[in-house]
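Note that these values count all heavy atoms, side chains included, but never hydrogens, waters or copies made by symmetry. Both counts, for ligands and for their atoms, begin at 1 and track the order of listing. We're numbering straight along the sequence, starting at 1.
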Amino acid sequence: MAWQLMSSCSSVTAIVKSCTIIFNVVLILLQIVATSGATRFPRPPLSTNSRWVVDRFGVRVKLSCVNWVGHLEPGIPEGLNKNTARGIAILVRATGFNCVRLTSSTWLWTNDSYGGLTVAQSFSNLNITSSSIALRAINPELYPLTLREVHHQVINILTAQGLMVILDNHVSKPQWCCASNDGNGFWGDEFFDAETWLMGLTTVASEFSNNPFVVAMSLRNELRGSRQNSYLWRVLMSTAAQAVHDVNPNILIIAGGLNFGTDLSFLNKGALETSRFPNKLMYEFHWYKTSRLARGGNFNNASDQNACAISQSNVHADNGFLLEKNAPLLLSEFGINLDSTNISETQFLDCVIDYLERADLDWAFWALQGSYYLRDAVRDADEVYGLLESTWRSFRNPTVVSRLRYTIQNSTQGPQRKL
Ligand SMILES: *[C@@H]1O[C@H](CO)[C@@H](O)[C@H](O)[C@H]1NC(C)=O
Ligand SMILES: *[C@@H]1O[C@H](CO)[C@@H](O)[C@H](O)[C@H]1NC(C)=O
Ligand SMILES: *[C@@H]1O[C@H](CO)[C@@H](O)[C@H](O)[C@H]1NC(C)=O
Ligand SMILES: *[C@@H]1O[C@H](CO)[C@@H](O)[C@H](O)[C@H]1NC(C)=O
Ligand SMILES: *[C@@H]1O[C@H](CO)[C@@H](O)[C@H](O)[C@H]1NC(C)=O
């Protein structure tokens, strides 16, 4: 029934607001299904078998995730001034996602004079008073906590809903990501000290080792900039993977490539040595409409009929080839402007979904957040890439949410559960 409602919804137009109402009714129904046990709960710990992620019993687990930002200056997951943490977790779960890639900064875990701030102190330092007041009213039990404690609580709330969590080290210094020269791009940059980064990763790995639904850690988001090179990548990724594995042998370790996480082509010369953490390494990459992976084509040019084919072939050459080497791969960021009616946005999304469907790849949509407490000095900034509206209570573009659900959320390949 849900599907029929969705179909009539999508046949009108993507941004008709009345669809939101229908959609939210459907959501409540889905939620009943979700909590009645029809949806499969994950059985961690996860590991890899050939190119697949599998559960404790060797059955494929397809990561169908959404990104939730928690790495900006205020230091806690976005949106807690708009909805309860549990309300947000239920929305994620009810739409069929089985996991959240939650971002945080290194400083949150390594710098006590930052991670030890209370929400009130952090918001007050940044002059985001109305968000602070709203957060205290909506999530009163989170408000008195420190930034680090809020992350712990939100993660507990997500995993209590049966959601798996991937903890992503997004930046060192808390700020919007990513520019080549923002000091957070590669080891040796102004804020990106390798020792501090390792300390942050092992702290996270050990602090969450008692929550089996914290299934994976992304070692670093979108490496980039003038210092980047594959030699140092191999040395430090392998050191970090080993260090994380030593303190938390259950966790899956995720490593992204160079050039803003678009380029793992250097692994053609040999994969990362994994004998000391066997079956625990997965790779990740990012794909956007105007990123490096679109080179040679142009989604913004309506007469360019080859943009998709060219971009898919770039994706394969720089990242997807790993599947043929039996290495598991996660598309950990892709997204579109969900408010735009520009055809190039849907063409790009169609192109990505086509690739993901055929490869039956694991993925994480960018993004969940409908707004930010503070982004690039703008208070309560709207996020047009956000699945949620700026109210954090309904979906910006229900058509896209249902498309993800019915095309790429369920696995079709790999070791499946026996009936
Ligand atoms: C720690 O955080 C404080 C407060 O944000 C900042 O002023 C300081 O530079 C940080 N120190 C380090 C070593 O990162
Ligand atoms: C916050 O507001 C106070 C008072 O208006 C001002 O002195 C301070 O510079 C502001 N701080 C920031 C970070 O904007
Ligand atoms: C779609 O957006 C792109 C990039 O902003 C722009 O170049 C193009 O003209 C737009 N197309 C239409 C039909 O508005
Ligand atoms: C758009 O694509 C067409 C077909 O490939 C090409 O002939 C044209 O030059 C392109 N226009 C621009 C502005 O790049
Ligand atoms: C996905 O798989 C689950 C569990 O088998 C099933 O209940 C659900 O209907 C499937 N969803 C879609 C959209 O096919």
Side-chain angles (χ1 to χ4, degrees), residues 1-10 13-15 23 26-43 52-55 57 59-66 92-99 161-164 287-314 334-353 356-358 360-363 365 384-385 387 395 397-419:
M1 181 188 67
W3 175 228
Q4 280 167 5
L5 284 169
M6 295 302 162
S7 301
S8 60
C9 217
S10 56
T13 145
I15 318 172
F23 191 78
V26 173
L27 249 180
I28 292 163
L29 298 176
L30 291 173
Q31 195 178 313
I32 293 164
V33 173
T35 48
S36 71
T39 310
R40 296 181 296 192
F41 273 73
R43 303 177 298 181
W52 312 108
V53 173
V54 295
D55 69 10
F57 299 103
V59 173
R60 168 101 196 265
V61 173
K62 180 170 183 173
L63 297 170
S64 301
C65 319
V66 65
V92 172
R93 174 98 190 135
T95 31
F97 293 99
N98 63 9
C99 113
Q161 290 296 321
L163 289 161
M164 295 179 282
W287 189 5
Y288 289 104
K289 189 179 78 170
T290 55
S291 79
R292 192 183 143 272
L293 291 172
R295 67 188 185 277
N298 182 1
F299 284 97
N300 286 335
N301 175 356
S303 6
D304 186 346
Q305 300 299 312
N306 299 320
C308 178
I310 291 170
S311 192
Q312 288 187 346
S313 123
N314 292 336
F334 68 101
I336 57 166
N337 179 337
L338 296 164
D339 276 350
S340 169
T341 53
N342 188 317
I343 188 80
S344 68
E345 302 290 336
T346 23
Q347 280 173 349
F348 174 69
L349 186 65
D350 290 348
C351 186
V352 176
I353 287 179
L356 292 175
E357 250 186 318
R358 284 188 288 118
D360 196 11
L361 212 62
D362 296 30
W363 53 276
F365 189 82
V384 294
Y385 280 64
L387 283 182
F395 288 91
N397 187 333
T399 309
V400 166
V401 178
S402 74
R403 271 210 72 197
L404 297 173
R405 184 173 176 85
Y406 289 97
T407 53
I408 52 175
Q409 252 169 14
N410 279 0
S411 64
T412 55
Q413 304 171 38
Q416 301 291 329
R417 178 174 305 216
K418 291 186 187 68
L419 289 174

Side-chain heavy-atom pair Trp363, Lys62 within 4.5 angstrom cut-off: yes

Quiz question: by atom type and distance under 3.5 Å, do the side chains of Lys289 and Asn300 form a donor-acceptor pair? yes

Collect the protein residues that have a non-hydrogen atom under 4.0 Å from ligand 4 and hand them over in chain and number order. Asn301, Ser303, Asp304

Minimum side-chain heavy-atom gap Leu356-Trp287 below 4.5 Å: no

Please check if the distance between the ring centroids of Tyr288 and Phe334 is under 6.0 Å. no

Which of the ligand 5 atoms, numbered from 1, are nearer than 4.0 Å to a heavy atom of Tyr406: 13 (C)

If you draw the axis of the six-membered ring of Phe41, does the NZ or CZ of Arg93 fall within 45° of it and under 6.0 Å from the ring centre? yes

Show the atoms of ligand 5 that are less than 4.0 angstrom away from any heavy atom in Asn410. 1 (C), 2 (O), 3 (C), 8 (C), 10 (C), 11 (N), 12 (C), 14 (O)

Among all residues two or more places apart in sequence or in another chain, which pass the ring pair (Phe, Tyr, Trp, His ring centres under 6.0 Å) test with Tyr385? none

Is Arg405 touching ligand 5 with its side chain, its backbone, both, or neither, if touching means heavy atoms under 4.0 Å apart? backbone

Mind checking whether Phe299 and Cys351 have side chains closer than 4.5 Å, heavy atoms only? yes

